[in-house]
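Since the structure comes first, as structure tokens, the remarks are kept for the end.
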Amino acid sequence: MRLGRTRVIVLATRGIRLSGGVLMQRTLAAEVPGRVGERVLLKGWAHAVRMLGKVGFLVLRDRSGAVQAVLEDQERTLRALPAGSAVALRGVVAKEPRAIGGVELRQVELELLSPAAPALPFEVNRPEIAAGLDALLDHRVLSLRHPRTAAVFRVQAELVRAFREGLRARGFLEVHTPKLVATGTEGGAELFSVDYFGRPAYLAQSPQFYKQMLVVAGFERVFEVGPVYRAEDHDTSRHLNEYLSLDLEMGFVDGLDDLLELEESLLEEMFAAVTAHAADALELWGAEVPRVRGIPRLRLDEARALLKTCCGHETPAGNLDPEGERLLSARVASEHGSDFVFITHYPAAARPVYALPDPSRPDLTLSFDLLFRGLEVTTGGLRIPCGETLRCRMRERGLDPTNFAPYLEAFDYGMPPHGGMAIGAERLTMKLLGLANVREASLFPRDRARLAP
RNA sequence: GGAGGCGUGGUGUAGUCGGUUUAACAUACUGCCCUGUCAAGGCAGAGAUCGCGGGUUCGAGUCCCGUCGCCUCCGCCA
């Protein structure tokens, strides 16, 4: 940047040349209140245009927020400006009590950078978008313009960031495992098939095997934030066929409590991060951040007995049905004031082959689910560390261990006691904000019917 | 894979035990009026053969069958 000429080029890409021919640095809407009296350049979208005869108001929205501009005697310009268009504005910042935020832009020059269609599929400049979920997802780039919709993803970004930072601080390594795989983790029933140069392959339904392999590889503690794929033919408000899994696995654990305490701490940090960095997003949804510390722990059989005595609800053996999950969560909330509840000791038959049996009750596993406001948001547990035991279990389930040879090899090289978990990012976001459908917590959701956008 | 429900202008809805409607309302859109709007307001206008196909009937947005799409739930799962 020492050459004068280079410097000019850099400035030219950052600034914009308006009619006056003067280069200006861009100011963000959120910075405007601090620039009273200055002439500034703003870029963004025409969020709303209101005309009152010779005076007109244009609300410009950019990534930081919104600011109002007043245009006098520019009727023709404003009439030719469809809401949603990309614009650049130059004007003087003035204090104005009548404007929201106390400041507005005056003596405005308006440049239309790119017009929006005259009639949008739905209005995004209202407190709420009046459109069905299907319309919102069909025109996702537009629905995401709405501050409330965008807030969902600012919250999700904070959750994910804090998950990462919390694990890094605890000595976990972030890893990236293949999404194209030769075998599934559960046996192959719910996998998407892919043609891999003429060979059958699948989209990974979980990074499970790779996480465990990386534990024994010497990393001890690994985590991954990545998509997983489920070819389940389900169609509900809480299922996606591609979702973001917050996965972790750690070696040398002493017991199930290590995992439960880790998750409790992580969730506490994740929610704290949302409160600290996206409080306004929470407010847009009227969301209350729950207390995390002291999550009640119930064994599955205890939970089922409680449901029967308290709610008269019979659940099928081996798992809680969705109705049972909701009833149990409500019960725990009223009794213990917790929006969360850990359910532990699921039967081996209801868990994957690698789940570690409880030594005192070999028909049960040292595994857990975490329910958050009536919905399962995490599954985890300790894993079988012995290759020979795993081979036996696979055969019992009709699986051929030779199909899992690369995974099983890991157990030949000193696999420590280990365990881990996976948190569904969209479900966590959904329940935190009180969204009605998990699709709202996915930018571009994939479900049984939707493959685009 | 199973069960239930719903498809009406761009969007969101009303009308549905068949018949007085040229299918209504809100909003968006177009034109005009308006110098403090911020869910702006006022006046005027355009826009839907009521998802599609077939049937019953003198008559179907309304009833029946099929089909497609969507929603909710269940199994399963994060």
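- The base-pairing partner of rU30(B), taking Watson-Crick or G-U wobble contacts with both distances under 3.5 Å, is rA44(B).
- Considering only side-chain atoms of A449(A), the nucleotide from rU37(B), rC70(B), rG75(B) that sits closest is rC70(B).
- One atom, CZ of R126(A), and another, P of rG12(B), lie 14 Å apart when rounded to the nearest Å.
- Spacing between atom CG of D369(A) and atom P of rC76(B) amounts to 12 Å, rounded to whole angstrom units.
- Rounded to whole Å, the distance from CZ on F340(A) to C1' on rA78(B) is 14 Å.
- Classification of E109(A) and R39(A) as a salt-bridged pair holds, one side-chain N sitting under 4.0 Å from a carboxylate O.
- Which of rU11(B), rU72(B), rG36(B) sits closest to the side chain of A135(A) comes down to rU11(B).
- Here Y243(A) counts as stacked on rA78(B): its ring centre is under 5.5 angstrom from the base ring centre and the planes meet at under 30°.
- No hydrogens or angles were tested; on distance alone, nothing pairs the side chain of E123(A) with the base of rG12(B) as donor and acceptor under 3.5 Å.
- Here G132(A) lies in heavy-atom contact (under 4.0 Å) with sugar-phosphate atoms only.
- Rounded to an integer number of Å, the gap from D247(A) CG to rA78(B) C1' is 9 Å.
- Residues A48(A) and A436(A) each lie close to RNA chain B; by heavy-atom proximity, the contact nearer the 5' end of the strand is made by A48(A).
- In the set rC73(B), rU37(B), rC33(B), the nucleotide with an atom closest to the side chain of A99(A) is rU37(B).
- By the stacking rule of 5.5 Å between ring centres and under 30° between planes, F57(A) stacks on the base of rU37(B).
- Using cut-offs of 30° and 60° for the angle between ring planes, the Y354(A) and F209(A) rings count as perpendicular.
- D73(A) comes within 4.0 angstrom of nothing in the nucleic acid, heavy atoms only.
- Salt-bridge annotation for E72(A) and K54(A): absent, with no side-chain N of the basic residue lying under 4.0 Å from a carboxylate O of the acidic one.
- A pairwise comparison of heavy atoms in L371(A) and S329(A) identifies CB-OG, 3.8 Å as the closest pair.
- If you take NE2 of H47(A) and C1' of rU37(B), they are 15 Å apart, rounded to a whole angstrom.
- Annotation for E426(A) and S442(A): closest pair CG-CB, 4.2 Å, computed over non-hydrogen atoms.
- Counting non-hydrogen atoms under 4.0 angstrom, R326(A) reaches the backbone sugars and phosphates but no base.
- Contact annotation for E104(A): base contact, defined as any heavy-atom pair under 4.0 Å involving a base atom.
- Minimum atom distance to the side chain of S237(A) is reached by rC73(B), of the listed rG36(B), rC73(B), rA78(B).
- Closest approach to the R79(A) side chain among rC76(B), rU35(B), rC32(B) is made by rC32(B) (side chain taken as heavy atoms from C-beta onward).
- In this structure, S245(A) reaches neither bases nor backbone, as no heavy-atom distance under 4.0 Å exists between it and the strands shown.
- In this structure, of rC70(B), rG75(B), rU37(B), it is rC70(B) that holds the atom nearest to the side chain of D134(A).
- Residue contacts for L52(A): at a heavy-atom cut-off of 4.0 Å it reaches a base atom on one of the strands shown.
- Comparing rA78(B), rU35(B), rA40(B) against the side chain of E72(A) picks out rU35(B) as the nearest.
- Across all strands shown, rG9(B) has no partner, as no Watson-Crick or G-U wobble contact with both distances under 3.5 Å is found.
- Taking every side-chain heavy atom of P118(A) into account, rU30(B) is the closest of rC77(B), rC38(B), rU30(B).
- Among the nucleotides rC73(B), rC34(B), rC77(B), the one closest to the side chain of N319(A) is rC77(B).
- OP1 or OP2 of rU72(B) has at least one side-chain nitrogen or oxygen of N437(A) nearer than 4.0 Å.
- Distance from the side chain of R50(A) is smallest to rU37(B) among rA78(B), rU37(B), rC70(B).
- Within the 4.0 angstrom heavy-atom criterion, no nucleotide atom of any strand lies near E426(A).
- Between the CZ atom of R448(A) and the P atom of rG69(B) there is a distance of 11 Å, rounded to whole Å.
- Each of Q68(A) and N241(A) was matched to the nucleotide of RNA chain B holding its nearest heavy atom; the match closer to the 5' end belongs to Q68(A).
- Residue contacts for L240(A): at a heavy-atom cut-off of 4.0 Å it reaches a base atom on one of the strands shown.
- Regarding contacts with the backbone of rC74(B), a side-chain N or O of R238(A) is found under 4.0 angstrom from either OP1 or OP2.
- Distance NE2 (H146(A)) to P (rU11(B)): 18 Å, rounded to an integer number of Å.
- The residues E174(A) and R164(A) are annotated as salt-bridged, a charged nitrogen and a carboxylate oxygen being separated by less than 4.0 angstrom.
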